[in-house]
Protein chains: 2
Amino acid sequence: MVDKLDLKVVEQLMERARTTWAELGLILGLSAPAAAERVHKLEERGIIRGYCAIVDPEAIGYGLAAYIAVYLEKPEHRQGFLEFVQNTREVQECHHIAGDEDYMLKVRCKGTRDLERIVSEKIKSIPGVAKTRTTVILSTEKETPILPIERVEEIK
Amino acid sequence: MVDKLDLKVVEQLMERARTTWAELGLILGLSAPAAAERVHKLEERGIIRGYCAIVDPEAIGYGLAAYIAVYLEKPEHRQGFLEFVQNTREVQECHHIAGDEDYMLKVRCKGTRDLERIVSEKIKSIPGVAKTRTTVILSTEKETPILPIERVEEIK
DNA sequence: ACTGAAAACTGCAGGCC
DNA sequence: GGCCTGCAGTTTTCAGT
C-alpha cells in the first residue's frame, strides 16, 4: 500500500500540483529524480488519477449550484439515468446514497433558468425518475478537492 | 471578462494541469509563451485559483463519504460552526443551502467509526447545532472537479 | 536513492501585426 | 494589446553507481 512518504507526496500535490520535482524533493527529503519517480509510480498505480485546475465557477458563468435528490422507480431504469449523468457536463457529482432517495446529484449551471431546464426538461424526462428534490446552494463556505490526509510532519 | 480562448485554456487545465506550455499551445493554436501568458493572466485574475492532484480516496484510507445536513439554532452560532468547518480536514465541502436545513456538509472519513466520531462528538458538540441529518454515500458514479464548460471546438 | 550529463522546457527580450 | 521567434537559464529525464 501507500507508505508515509507517499501520503506526504499526495498531500503536497493535492495542494499545488504544478510544483517542480526539486522543490517537492526538498519537502520530502529526496533528490528531484527520486521525487519524480515516486509521483510517477503513484500515477501508474492509479492512486493519483490526474491533475486539475481549480476554477472560479462564477468567472466562467456557472454561478448557481444545487443538489438534486433523485428517486428511481425501478432498478431497470438505472442504465438510462446513469448515461444521462455521464453525458451531462452540468452534473458534477452523482452518488448512490442510503436513505429515502436513490441518487444525489450536484449540478452547476448558469442560473435559475438553466437549473429549471435541467430539472424539468432533462431529469424528469428520463424514464423511471419518479420524483426529484432540489436544494439550491446559496453560498459556499468551503469546497476543496483536498482529501483529509492527516499532516505528515516527520518521516522516520 | 473571459473570452472563448480563455475558456478553452480553462477547460484544458481542468482536465490535466500538468501539461507543458508547448503542448497546451498546440491545442490552443498558440506558441508556448503565448499559452503560458494567458494562463498566468488567468491566475492573476483569480479565475484559476490553483491546481491539485485528483487522488483515489480509498487508496489513502478514506473510503467513506457522507452528506451531513446541519440545522443551526441561531445566527450568532454561525461563527463557531464555520470555524469548525474550516479547521476540519474531513469536511470537504460546506454550503449554505436553501430549504429546511441551513448547511450541507460533505465529509470524507475512514469508516463508520470515524463518521460516528465526527457527527456525534464533533459536530453535535458545537454550540447552536440543533439537529443533523446524515446521508451515507454508498457508491460514487461521477465525481469531477471539472466544471461544465461547453466544449470550445472552433475559435473564430 | 543519488549523481551527472543530455534533452526538454520555461521565461525573457526584441520585433511584428 | 496580443502574438511570434530566438536565446539564456533552469528543469526534467535517463544513464550508471
Side-chain angles (χ1 to χ4, degrees), chain A residues 1-56 58-61 145-146 149-156, chain B residues 1-56 59-61 145-147 149-156:
Chain A
M1 278 307 283
V2 292
D3 60 17
K4 267 201 154 183
L5 197 51
D6 282 330
L7 281 182
K8 198 157 174 176
V9 172
V10 164
E11 176 200 48
Q12 286 299 321
L13 288 180
M14 282 193 298
E15 296 191 356
R16 29 188 210 130
R18 278 198 145 264
T19 184
T20 64
W21 300 139
E23 208 177 328
L24 183 62
L26 208 65
I27 296 164
L28 301 172
L30 297 174
S31 65
E37 199 189 341
R38 290 200 84 104
V39 173
H40 291 319
K41 285 231 179 90
L42 286 167
E43 289 167 354
E44 276 167 27
R45 292 163 63 192
I47 291 164
I48 295 175
R49 290 179 183 160
Y51 302 92
C52 67
I54 303 166
V55 176
D56 179 8
E58 295 194 19
I60 57 168
I146 297 177
I149 293 184
E150 52 264 37
R151 291 263 161 199
V152 184
E153 297 297 353
E154 217 57 60
I155 300 164
K156 202 182 61 243
Chain B
M1 279 306 281
V2 292
D3 60 16
K4 269 201 156 187
L5 198 51
D6 281 330
L7 281 182
K8 199 158 173 176
V9 172
V10 165
E11 176 199 46
Q12 286 299 321
L13 288 182
M14 282 194 296
E15 296 190 356
R16 23 182 219 137
R18 276 199 145 263
T19 185
T20 64
W21 299 139
E23 208 178 327
L24 182 61
L26 208 66
I27 296 165
L28 301 172
L30 297 174
S31 67
E37 199 189 342
R38 291 200 83 105
V39 172
H40 292 319
K41 285 230 177 93
L42 287 167
E43 289 168 354
E44 276 166 26
R45 292 164 63 194
I47 290 164
I48 294 176
R49 291 178 184 162
Y51 303 92
C52 66
I54 304 166
V55 176
D56 178 8
I60 57 168
I146 298 175
L147 293 175
I149 294 183
E150 51 263 36
R151 291 263 161 198
V152 184
E153 297 297 353
E154 217 58 59
I155 300 163
K156 205 180 61 240

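Numbers restart at 1 for each chain; the letters A, B, ... are given by sequence-line order, proteins then strands. When reading the values below, keep in mind they use all heavy atoms of this one structure, side chains included, and skip hydrogens, waters and symmetry mates. Here the structure is a predicted model, which is why all the values come from computation and not from measurement.
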Minimum-distance nucleotide (side-chain atoms of A:Pro33 versus D:dC3, C:dA1, D:dT13)
D:dT13
To the nearest Å, how far apart are A:Glu23 CD and D:dT12 C1'?
15 Å
Residue of the set B:Glu43, B:Glu37, B:Glu44 for which salt bridge (Lys or Arg N to Asp or Glu O under 4.0 Å) holds with B:Lys41
B:Glu37
Quick one: does A:Arg18's side chain have a donor or acceptor within less than 3.5 Å of a partner on B:Thr19's backbone?
yes
Quick one: on DNA chain C, does B:Thr19 or A:Ala32 contact a more 5' nucleotide (nearest heavy atom)?
A:Ala32
Whole-Å distance separating the CG atom of A:Asp3 from the C1' atom of C:dA1:
14 Å
For B:Glu44 and D:dG1, give me the distance from atom CD to atom P, rounded to whole Å.
14 Å
By the 4.0 Å heavy-atom rule, please label A:Ala22 as base, sugar-phosphate, or nothing.
sugar-phosphate
Side chain of B:Leu5 only, heavy atoms from C-beta on: which candidate in C:dC2, C:dG11, D:dC3 is closest?
D:dC3
Can you check the B:Trp21 CH2 to D:dG9 C1' distance for me, whole Å?
18 Å
Rounded to whole angstrom units, what separation is found between the CG atom of A:Leu24 and the P atom of C:dA1?
12 Å
Can you tell me which nucleotide in D:dT13, D:dC4, C:dA1 comes closest to the side chain of A:Arg38?
C:dA1
Within this structure, what is the NE2-to-C1' distance between B:His40 and C:dT10, rounded to whole angstrom?
8 Å
What is the distance, rounded to the nearest whole Å, between atom CG of A:Leu30 and atom C1' of C:dC2?
10 Å
Any base atoms under 4.0 Å from A:Thr20, or only sugar-phosphate, or nothing? Heavy atoms, all strands.
sugar-phosphate
To the nearest angstrom, the CD-P distance between A:Glu37 and D:dT13 comes to 12 Å
